[in-house]
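Treat the numbers as computed from the prediction; the structure is a model and nothing was measured. Computed over heavy atoms, backbone and side chain alike; hydrogens, waters and symmetry mates excluded.
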Amino acid sequence: MELKITVLGSGTSSGVPTIGCSCEVCRSTDPRDNRLRPSILISFSGRNIIIDTTPDFRAQVLRAKIARLDAIVYTHGHADHILGLDDVRPFNYHQGGRIPIYASRAAFAIIERMFAYVFDNRERKTHIPQLEVNLIDETPFDVFGLRFEAIPLAHGKDTTFGFRFGNVAYLTDHNEIPESSLDRLRGLDVLFLDALRHRPHPTHSTVEASIETARRLQACRTYFTHMCHDVGHAATEAMLPPGVFLAYDGLEINVAS
Ligand SMILES: [Zn+2]
Ligand SMILES: [Zn+2]
Ligand SMILES: [Zn+2]
């Protein structure tokens, strides 16, 4: 199966440029320094699956010209990963039917609270998202023929899910990857890793720590994501080892799975 991965957003929770900031990266004219909130699109056999619906979801969908959406897979329930959910309504309208979403029990509890009107089963005359909820755990699940494996990651005191599908793994929002999870990430063609900035952070990985993770896992290509304005694209990428890159919004990666 041929997979096409499109990076819809490579930025941290506040995006880059950051509101009110005039640092060098926020003022950069390099388009790769413009980062919407973190999300990827997985396209295969006419299907489109999105990981996370960020506050920039609408802008990301329009920019990537995504005409249909078949499923949403959630990493966790933080605002920068879920707040765009209401904007799936046009997909419901054009496609008909419910859109399946896949989330852990903990992530869904947050989504259900944040978007109470979507799940309260009240009669309405207005349009709300039409979703089919699938709760996931570490048991692999199938989305239109693509097998997903949820990989637990430590994100401060929370656990997020990274996902392995085929020989690709998307691991955002983690400051630590448990050994048992590392064991499930061998033989990858493409690996995405959280790399917020250079200075340590209680809930995110650093560029330096993720270089070390990339070295241990030896994927053919490793891309960093969830980056803040401390990380200038050109300057940072120049210091990365071979096979390790910074993701950027609009990056497309084709991979046989
Ligand atoms: Zn995040
Ligand atoms: Zn800045
Ligand atoms: Zn988070």
Quick one: do D52 and R37 satisfy side-chain contact (heavy atoms from CB on, under 4.5 Å)? Show the steps, please. CA-CA 10 Å; D52 294 333; R37 268 59 75 86; over 6 Å; no
Does the pair I253 and V168 meet the rule for a side-chain contact (heavy atoms from CB on, under 4.5 Å), with working shown? CA-CA 10 Å; I253 302 163; V168 180; over 6 Å; no
The test is side-chain contact (heavy atoms from CB on, under 4.5 Å); show your working for T126 and Y117 and say whether it passes. CA-CA 11 Å; T126 53; Y117 63 95; over 6 Å; no
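Within the 4.5 Å cutoff, no side-chain heavy atoms of I42 are placed close to those of V73. Annotation: side chain of F224 is in contact with side chain of V244 (closest heavy-atom distance under 4.5 Å). Residues I136 and F163 meet the side-chain proximity criterion, which asks for heavy atoms closer than 4.5 Å. In this structure, P241 and I211 have side chains that are in contact, with non-hydrogen atoms separated by less than 4.5 Å. Residues P38 and H81 form a side-chain contact, since some pair of their non-hydrogen atoms from C-beta on lies under 4.5 Å apart. Residues I50 and I66 meet the side-chain proximity criterion, which asks for heavy atoms closer than 4.5 Å. Side-chain contact check for T222 versus L193: some heavy-atom pair is nearer than 4.5 Å. F57 places a side-chain heavy atom less than 4.5 Å from the side chain of V88.
T206 approaches P200 most closely through the heavy-atom pair CG2-CA, 3.7 Å. Closest of all the heavy-atom pairs between F245 and R221 is CE1-CG, 4.1 Å. Heavy atoms only, all atoms of each residue included: A64 and L8 are closest at CB-CD2, 3.7 Å. In this structure, F144 and F44 approach most closely via the heavy-atom pair O-CE1, 3.3 Å. Residue E2 comes nearest to A256 through the heavy atom pair OE2-CB, 3.6 Å, listed as atom of the first residue, atom of the second, then distance. In terms of heavy atoms, L85 sits closest to P129 at O-CG, 4.0 Å.
Applying the side chain to side chain donor-acceptor pair (under 3.5 Å) criterion to T203, with sequence neighbours excluded, gives H201. Taking S13 as the reference, D80 meet the side chain to side chain contact (heavy atoms under 4.5 Å, CB included) condition, with sequence neighbours excluded. Remark: D86 engages R89 in a salt bridge (Lys or Arg N to Asp or Glu O under 4.0 Å) (not counting sequence neighbours). For P152, the side chain to side chain contact (heavy atoms under 4.5 Å, CB included) partners at least two apart in sequence or on another chain are E138, T159, F161, S181, R184. With sequence neighbours excluded, the residues satisfying side chain to side chain contact (heavy atoms under 4.5 Å, CB included) with D137 are T139. By the ring pair (Phe, Tyr, Trp, His ring centres under 6.0 Å) test, F165 is found to be paired with F148, residues two or more places apart in sequence or in another chain being considered. Residues that satisfy the side chain to side chain contact (heavy atoms under 4.5 Å, CB included) test with A235, not counting sequence neighbours, are absent from this structure.
Between the side chain of T53 and the backbone N or O of I82, at least one donor-acceptor pair lies under 3.5 Å. A donor-acceptor pair is defined here as one N or O able to donate and one able to accept, closer than 3.5 Å; no such pair exists between the side chain of S28 and the backbone of E24. Using modelled atom types, one side-chain atom of N175 and one backbone atom of G156 make a donor-acceptor pair closer than 3.5 Å. Side-chain atoms of E252 never come within 3.5 Å of backbone atoms of G250 as a donor-acceptor pair (strictly under, hydrogens ignored).
With 3.5 Å as the limit, one finds a donor-acceptor pair spanning the side chains of E132 and N134. For the 3.5 Å distance criterion, the side chains of S205 and S210 qualify, holding a donor opposite an acceptor. Side-chain contact, D173 with H76: a donor N or O sits under 3.5 Å from an acceptor N or O. Side-chain atoms of Q60 and S39 include no donor-acceptor pair closer than 3.5 Å.
Atom CD in E149 sits 4.5 Å away from atom CD1 in I151 (nearest 0.5 Å). Taking OG1 from T213 and CD from E176, the interatomic distance works out to 9.5 Å, rounded to the nearest 0.5 Å. Interatomic distance, N34 CG to H233 NE2, rounded to the nearest 0.5 Å: 12.5 Å. Rounded to the nearest 0.5 angstrom, L217 CG and D183 CG are separated by 9.5 Å. Distance check, rounded to the nearest 0.5 Å: CG of L69 to CG of N92 gives 9.0 Å. Rounding to the nearest 0.5 angstrom, the gap separating the OG1 atom in T12 from the CG atom in L36 is 12.5 Å.
L41 and L146 fall into different hydrophobic clusters, where Ile, Leu, Val, Met, Phe, Trp and Tyr are joined by side-chain heavy atoms under 4.5 Å apart, directly or via other members. The hydrophobic clustering, which links ILVMFWY residues whose side-chain heavy atoms are closer than 4.5 Å, places Y248 and I5 together. Side-chain heavy atoms closer than 4.5 Å link hydrophobic residues (I, L, V, M, F, W, Y) into clusters, and following such links, even through other members, never connects V143 to V133. Following chains of ILVMFWY side-chain contacts shorter than 4.5 Å, one can reach L3 starting from I40, so the two form part of one hydrophobic cluster. Linking Ile, Leu, Val, Met, Phe, Trp and Tyr whenever their side-chain heavy atoms come within less than 4.5 Å leaves L240 and V7 in two separate clusters.
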Side chains of residues 96-114: which donor-acceptor partners sit under 3.5 Å, not counting sequence neighbours?
| residue | atom | partner | partner atom | Å |
| --- | --- | --- | --- | --- |
| R98 | NH1 | L131 | O | 3.2 |
| S104 | OG | A107 | N | 3.0 |

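Listed by first and then second residue, the salt bridge (charged side-chain N to carboxylate O under 4.0 Å, His left out) pairs involving residues 64-73 are R47-D70, R68-D70 (not counting sequence neighbours). The salt bridge (charged side-chain N to carboxylate O under 4.0 Å, His left out) contacts involving residues 209-219 comprise E179-R216, E212-R215, where partners must be two or more places apart or lie in separate chains. Under the side chain to side chain donor-acceptor pair (under 3.5 Å) criterion, the residue pairs touching residues 189-199 are D194-H204, H198-E208, R199-D230, with sequence neighbours excluded. Here ring-ring contact (aromatic ring centres under 6.0 Å, His included) pairs that include residues 173-197, with residues two or more places apart or in two chains, are Y170-F192, F192-Y223.
Residue R124 qualifies as enclosed at atom CZ: its count of foreign heavy atoms under 6.0 Å is above 12. The environment of L62 atom CG is dense: over 12 non-hydrogen atoms of other residues, nucleotides or ligands sit within 6.0 angstrom.
Screening R63, R35, R32 for a side chain to side chain donor-acceptor pair (under 3.5 Å) with D249, the sole residue that qualifies is R63.
Classification of the H155-H78 ring pair by plane angle, with boundaries at 30° and 60°, yields tilted.
A salt bridge does not link R58 with D56: every distance from a Lys NZ or Arg NE/NH1/NH2 to an Asp or Glu carboxylate oxygen is 4.0 Å or more.
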